[in-house]
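What follows is one structure encoded as structure tokens, with my remarks underneath.
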Number of protein chains: 4
Amino acid sequence: MPEKQQSPTGRPRDPDVSERLIAAALEEYARTGWQSFTMQGVARRAGVGKSALYRRWTTKEELLIAGVESVALPLSETSDSGNLREDLTDAATRILHHFLDPTGWATLRISVDSTASPTMLDPFQERVTQAIRSGITAIFTHAADRGELTSDVPVRPLVESLVGSILVHVLSMPFDVRDDARQNAAAHVEPLVDVIMRAASPQPCP
Amino acid sequence: MPEKQQSPTGRPRDPDVSERLIAAALEEYARTGWQSFTMQGVARRAGVGKSALYRRWTTKEELLIAGVESVALPLSETSDSGNLREDLTDAATRILHHFLDPTGWATLRISVDSTASPTMLDPFQERVTQAIRSGITAIFTHAADRGELTSDVPVRPLVESLVGSILVHVLSMPFDVRDDARQNAAAHVEPLVDVIMRAASPQPCP
Amino acid sequence: MPEKQQSPTGRPRDPDVSERLIAAALEEYARTGWQSFTMQGVARRAGVGKSALYRRWTTKEELLIAGVESVALPLSETSDSGNLREDLTDAATRILHHFLDPTGWATLRISVDSTASPTMLDPFQERVTQAIRSGITAIFTHAADRGELTSDVPVRPLVESLVGSILVHVLSMPFDVRDDARQNAAAHVEPLVDVIMRAASPQPCP
Amino acid sequence: MPEKQQSPTGRPRDPDVSERLIAAALEEYARTGWQSFTMQGVARRAGVGKSALYRRWTTKEELLIAGVESVALPLSETSDSGNLREDLTDAATRILHHFLDPTGWATLRISVDSTASPTMLDPFQERVTQAIRSGITAIFTHAADRGELTSDVPVRPLVESLVGSILVHVLSMPFDVRDDARQNAAAHVEPLVDVIMRAASPQPCP
DNA sequence: TATTAAACGAGACGGTACGTCGCGTCTTCTT
DNA sequence: AAGAAGACGCGACGTACCGTCTCGTTTAATA
């Protein structure tokens with residue numbers, strides 16, 4: 001969700017203003033979420049007039065998406081070590097950190113909030129939610145290419161299971177465990193990757 | 001999250017007012033989510049003074065939780081057919097419908113929003129999030145009792161995978177597919193249950 | 001303005017409650033006037049339920065008048081030393097103190113406020129405003145009886161001049177002079193009594 | 001009490017909004033006084049947002065003073081006919097009308113209410129109360145210049161007597177006499193001016 | 001170099017929600 | 001029936017943010 005088109009004539013927009021606005025938006029949102037996220041506050045924190053803000057993004061959602069996609073997009077880049085479990089563990093660890101980070105968590109918030117109405121979903125989903133999914137999908141595709149995966153296993157449910165399990169894991173995590181999860185990410189991620197690996201493996205002999 | 005304690009002396013609270021407030025809260029929230037969810041609006045819709053509302057619940061979260069837990073708690077009751085796949089499919093279908101319902105979706109929204117701060121998480125998680133998890137956990141426990149499950153499979157990651165996969169499935173669903181999901185729930189749920197069944201099954205012969 | 005009639009049957013009213021209410025009313029009003037004078041606050045300060053208050057007086061005005069007339073009525077009792085100037089000075093001094101006292105000042109406030117509407121004026125004026133006037137009127141009557149006053153001087157304007165001059169004197173007094181006025185009342189009163197004495201005296205020889 | 005200072009930068013305030021607010025304030029106050037005088041109501045009647053009102057005046061008092069001083073200030077301009085009695089009668093008549101007018105009466109109300117606390121008194125007194133006093137003081141000064149007044153008569157008590165007598169006269173006036181006072185102002189004013197004239201005249205031969 | 005059109009900060013504007021408090025009425029239990 | 005307690009619908013309080021709108025000033029591309 002880039003900023004709105006500007007007129008070709010006249011003084012050009014100051015790119016520094018855009019940057020400061022996006023940074024301010026993420027900081028404000030990370031504080032306490034929707035509750036205290038105000039356009040006014042973003043402009044104030046950025047040291048910018050309200051007009052400069054509204055000129056670029058008309059709604060809170062547009063502004064947040066602009067800020068959040070820069071954070072989420074890197075998740076689509078995954079490693080390719082030649083070993084499925086290793087790649088999955090690496091990706092899962094990064095997703096776990098993503099959901100444990102305030103700014104990363106914002107991704108989910110916006111996604112959840114925008115799922116309610118048809119208007120907002122599409123632009124955001126294509127950019128953020130899909131970014132996460134596509135990275136893991138690639139891992140499976142590579143593994144299948146290597147023959148590490150029986151071809152009869154559908155990939156999409158596996159991806160949804162892995163991403164979803166990490167999400168629910170964080171979602172149902174008591175607050176004082178979050179620090180532990182940040183430091184011992186591997187221990188938290190391993191059982192979840194295990195589930196996927198079992199499901200992806202060839203089934204027992206009949 | 002029940003309403004705040006009332007004093008033993010004086011005129012007792014009108015339970016009808018509480019009911020109207022909760023109903024109004026769910027209706028308002030289902031409209032467009034946080035955006036247009038105002039205490040003022042809830043009281044107005046319920047035909048009730050603001051004081052009667054604030055007397056019972058101080059914050060929007062408290063109010064929403066009160067309304068939402070009546071919707072979420074039934075999810076903890078699961079079937080016990082004697083067949084693991086059948087029970088999982090049944091539970092998963094209900095969870096899918098839960099997340100496709102505006103009021104049910106509110107459950108997730110609140111959960112996501114409250115995860116940011118330590119204050120809100122605990123009461124809500126224990127009541128709603130855990131309700132969903134505990135139902136599925138029971139299914140696995142029963143299956144293990146029946147010997148349908150190899151004892152070396154940890155249950156918790158399986159639960160998180162199932163719940164999470166349904167969640168991500170809905171989360172990444174284009175808006176115009178939602179109606180289809182409501183009507184053909186089985187088709188949407190089956191691949192996800194499959195993943196869990198594979199992961200829960202005894203592993204291939206070495 | 002006595003309290004409202006009570007039913008002849010049933011439990012009689014507690015007179016102590018009435019007293020505490022009136023005392024509380026005066027204290028509350030003396031604090032910052034109309035601004036912070038609330039029925040709720042009076043009942044709270046008196047340690048009494050709201051119903052006990054509303055049972056006795058329906059409006060703030062009724063309650064205040066009940067409280068204020070006990071303070072104002074003594075002003076109608078004046079000295080009779082046999083000397084006009086002396087009596088006037090004595091009465092004027094007491095009126096000055098009355099207007100310098102927070103509770104006494106409340107008398108004026110209520111009077112001024114109630115003058116706007118026809119409903120409240122009569123009961124209050126007869127009791128309070130007239131109390132002040134009648135005392136001074138009596139002084140002039142006695143002086144006339146003694147022959148100290150030429151009979152052609154109308155009394156009413158003299159009374160109004162004396163009371164009014166004290167009132168305006170206080171009204172236009174800088175705040176930090178009020179303490180001085182309390183201690184050196186005679187110095188403040190003398191010039192005003194002088195004016196009245198000159199006006200009441202026989203006129204210059206032609 | 002002018003409106004609060006505005007910043008030199010940014011969009012300037014709309015003077016029309018200020019005018020509408022002051023007019024609305026006077027109308028609201030004239031209705032039933034303090035009782036029903038609400039900031040909310042003033043803004044509503046003026047067709048203005050509450051913010052525009054609070055931006056200019058923070059309290060009811062400030063707002064009322066702004067509205068009232070435009071009404072009271074003209075009282076400081078008095079006639080100078082060369083005849084003391086005539087000038088006094090003229091001034092007294094105008095003051096009488098001032099106190100009989102709802103808006104003019106507000107002057108007194110505010111004055112009385114603000115006398116209780118030190119904060120409010122000064123700005124109001126200097127502008128309104130003194131305006132009335134200074135006009136009459138000027139009349140006496142001119143008369144003294146003409147030799148119409150014996151120099152040993154102090155002016156201030158005379159002024160206080162005149163203004164005060166009119167005030168008390170109105171204050172103790174039954175409601176149904178007010179109309180008569182408006183129409184036959186001369187008859188009401190004459191006895192009061194008489195008192196002042198007698199007091200101001202040279203005293204009887206010893 | 002002078003013109004010009006938009007960007008920019010600041011903040012006014014009519015609204016509306018916030019959470020609190022007082023209004024006057026009512027309902028409950030206790031004295 | 002009095003009394004203490006407090007719930008009830010209502011609306012004002014003063015603050016903050018909404019999105020739009022003027023202001024005066026700055027800035028780069030065009031004429």
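If you're wondering where the values come from, they're calculated on a predicted model, not measured in any experiment. Order of the sequence lines fixes the chain letters, A, B, ..., with proteins taken first and strands second; residue numbering starts at 1 for each chain.
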* Asked: Has the side chain of B/K50 got a donor or acceptor atom sitting under 3.5 Å from an opposite partner on the base of E/dG19?
  -> yes

Expressed as a whole number of angstroms, how long is the span from [X]:[atom1] to [N]:[atom2]?
X     : N      : atom1 : atom2 : result
A/Y54 : E/dC8  : OH    : C1'   : 16 Å
B/K60 : E/dC18 : NZ    : C1'   : 9 Å
C/E62 : E/dG24 : CD    : P     : 11 Å
B/R55 : E/dT20 : CZ    : P     : 12 Å
D/R44 : E/dT16 : CZ    : P     : 12 Å
D/R13 : E/dA12 : CZ    : C1'   : 8 Å
D/K4  : E/dA12 : NZ    : P     : 10 Å
B/L63 : E/dG19 : CG    : P     : 11 Å

* Asked: In terms of side-chain heavy atoms, does A/S18 have a donor or acceptor partner in A/R56 at a distance below 3.5 Å?
  -> yes

Does [X] place a side-chain N or O at less than 4.0 Å from the phosphate oxygens OP1/OP2 of [N]?
X     : N      : value
D/S7  : E/dG11 : yes
B/Q40 : E/dC18 : yes
B/R11 : E/dC29 : no

* To do: Determine the contact category for A/S51: base if any of its heavy atoms lies under 4.0 Å from a base atom, sugar-phosphate if only primed atoms, P, OP1 or OP2 are that close, otherwise nothing.
  => base

* Could you tell me whether D/G41 contacts a base, only the sugar-phosphate backbone, or nothing, with contacts defined as non-hydrogen atoms closer than 4.0 Å? => nothing

* Structure fact -> Of D/V17 and B/M39, the one whose nearest nucleotide on DNA chain E sits closer to the 5' end is D/V17

* Is there a donor-acceptor pair under 3.5 Å between the side chain of B/E62 and the backbone N or O of B/T58? -> yes

* Asked: Would you say the side-chain atoms of C/K60 pair up with the backbone N or O of C/F37, donor to acceptor, closer than 3.5 Å?
  -> yes

* Asked: 5'-most contact on DNA chain F: A/T38 or C/R56, nearest heavy atom basis?
  -> C/R56

* To do: Using the closest heavy atom to pick a nucleotide of DNA chain F for each, name whichever of D/T9 or A/P12 lands nearer the 5' end.
  => D/T9

* Run the side chain to side chain contact (heavy atoms under 4.5 Å, CB included) check on D/K50 and D/M39 step by step: do they pass? -> CA-CA 8 Å; D/K50 278 201 292 177; D/M39 298 294 260; 5.8 Å; no

* Structure fact -> Exactly one of B/L63, B/L26, B/I22 clears side-chain contact (heavy atoms from CB on, under 4.5 Å) with B/V42, and that residue is B/L63

* To do: Provide the start and end nucleotides, 5' to 3', of the part of DNA chain F that has atoms under 4.0 Å from heavy atoms of chain C.
  => F/dA1 to F/dA7

* Working for side chain to side chain contact (heavy atoms under 4.5 Å, CB included), residues D/E28 and D/S36 -> CA-CA 8 Å; D/E28 285 283 301; D/S36 64; 5.6 Å; no

* Asked: Knowing that exactly one of C/R44, C/R20, C/R45 qualifies, which makes a salt bridge (Lys or Arg N to Asp or Glu O under 4.0 Å) with C/E27?
  -> C/R45

